[in-house]
Amino acid sequence: MKKLGQHFLVDRRVLDRIGDYASLSEEDRVLEIGPGTGNLTEVLSTRSGTVLAVEVDPALAISLEGRFPNVEVIRGDAIRVTLPDYNKIVSNLPYQISSKITFRLLERPFDLAVLMYQREFAERMVASPGTKDCGRLTLNVALRAEAEILERVPRGAFRPRPKVESAIVRLRPREKRIPVDERAFDNLTRGLFSMRRKKVKKSLAMMRVPSDAMLRIDPNLLERRPQELSLEDVVNLAKTISGK
Ligand code: SAM
């Protein structure tokens, strides 16, 4: 069977704090990815109106069905399944799908997300420009949302104990979307950060950016390395290159 990242969160204090961070109320429809044995689902169920729980493991999904009156279990892979409407997302994520599910969730409307990730992944999500952790993930998250680490969670909070540490991240979508062609932005960050030691000038040449577009780019930006670019710099570069 495919790896499912089945490390269940058993520390009651951490479970309760996740509920607190999400400021839940009866009004909330909460999406939970990977409810597993239902430890977090129980907290979400007592504090919110409805929980929509997507679980890929059929045995776990069956054992959750009917256990809580306001929890709807959706069987399937959270990357592919049709997602219902919700306003908050609260999950202890299966780490092997961190990147894909984060990008999928960021494309859809939501008010607030409180998500557990592998610690290193969380640090890359919230990294500042100019630091070694800043990369394609950082910029793509920053384009759409404000991300902050709320706490680091030790391995002992889970059963079975995972090999990696974890961290809880809160995402709040940007009130106003930054006007840029998102595909051009993503292609640019992918290109720049696959050659992260090279100067922007060199990477853009290798990405075959046409010379007329190169001439329109601020020469200061061309001399930098990708990690030294701010979000605004990358947005401006993407706009100049794509002409949109
Ligand atoms: N929420 C539970 C907890 O905190 O104890 C379980 C979290 S466990 C880290 C991840 C859960 O996600 C497992 O129950 C696993 O079966 C499920 N899962 C793994 N891949 C999935 C996918 N692609 N779609 C939906 N659920 C998935």
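Everything quoted here is computed from the prediction, not taken from an experiment. Just so you know, ligand 1 is whichever comes first in the structure, and atom 1 is the first atom listed for that ligand.
Counting only N and O atoms by type, the side chains of S45 and N70 include a donor and acceptor under 3.5 Å apart. Using modelled atom types, one finds a donor on one side chain and an acceptor on the other under 3.5 Å when comparing N140 with T189. A donor and an acceptor atom, one from each side chain of Y95 and S166, are located under 3.5 Å apart. A donor-acceptor contact closer than 3.5 angstrom is absent between the side chains of E32 and S91.
Residue L9 has at least one N or O atom closer than 3.5 Å to an N or O atom of ligand 1. Residue G5 has no nitrogen or oxygen atom sitting less than 3.5 Å from a nitrogen or oxygen atom of ligand 1, judged on distance alone. On a distance-only criterion, G34 and ligand 1 share at least one N/O pair closer than 3.5 Å.
Atoms of ligand 1 found under 4.0 Å from any heavy atom of Q6 (numbered from 1 in listed order, with element): 13 (C), 15 (C), 16 (O). Atoms of ligand 1 found under 4.0 Å from any heavy atom of V56, numbered from 1 in the order shown, are 18 (N), 19 (C), 20 (N), 21 (C), 22 (C), 24 (N), 25 (C), 26 (N), 27 (C). Distances below 4.0 Å separate heavy atoms of N39 from the following atoms of ligand 1: 5 (O). Distances below 4.0 Å separate heavy atoms of E32 from the following atoms of ligand 1: 1 (N). Against a heavy-atom cut-off of under 4.0 Å, E55 is close to the following atoms of ligand 1: 13 (C), 14 (O), 15 (C), 16 (O), 17 (C), 26 (N). In summary, the atoms of ligand 1 found under 4.0 Å from a heavy atom of G76, numbered by their order in the structure, are 24 (N), 25 (C). Using a 4.0 Å cut-off to heavy atoms of Q96, the atoms of ligand 1 that qualify are 19 (C), 20 (N). Which parts of ligand 1 touch A78 is read off a 4.0 Å heavy-atom cut-off, strictly below it: atoms 22 (C), 23 (N), 24 (N), 25 (C).
The shell of residues lying under 4.0 angstrom from ligand 1, judged by heavy atoms, excludes V10. A heavy-atom separation below 4.0 Å is not found between I79 and ligand 1.
Of the possible donor and acceptor atoms, none in the side chain of N87 sits under 3.5 Å from a partner among the backbone N and O of F110. For the pair T131 (side chain) and A127 (backbone), a donor-acceptor distance under 3.5 Å is absent.
Sparse packing is recorded around CG of D85, with 12 or fewer heavy atoms of other residues, nucleotides or ligands lying under 6.0 Å away. Within 6.0 Å of atom CZ in R108, more than 12 heavy atoms from other residues, nucleotides or ligands are found, so the atom counts as buried in its surroundings. The number of heavy-atom neighbours closer than 6.0 Å to CD of E228, taken from other residues, nucleotides and ligands shown, is above 12.
One finds no salt bridge joining R29 and E72 here, because no Lys/Arg side-chain nitrogen approaches an Asp/Glu carboxylate oxygen to under 4.0 Å.
When heavy-atom distances to ligand 1 are checked against a 4.0 Å cut-off, N92 comes that close through both its backbone and its side chain. At a heavy-atom distance under 4.0 Å, only backbone atoms of P35 (N, CA, C or O) approach ligand 1. Proximity of L93 to ligand 1, defined as any heavy-atom pair under 4.0 Å, is confined to the backbone N, CA, C and O atoms.
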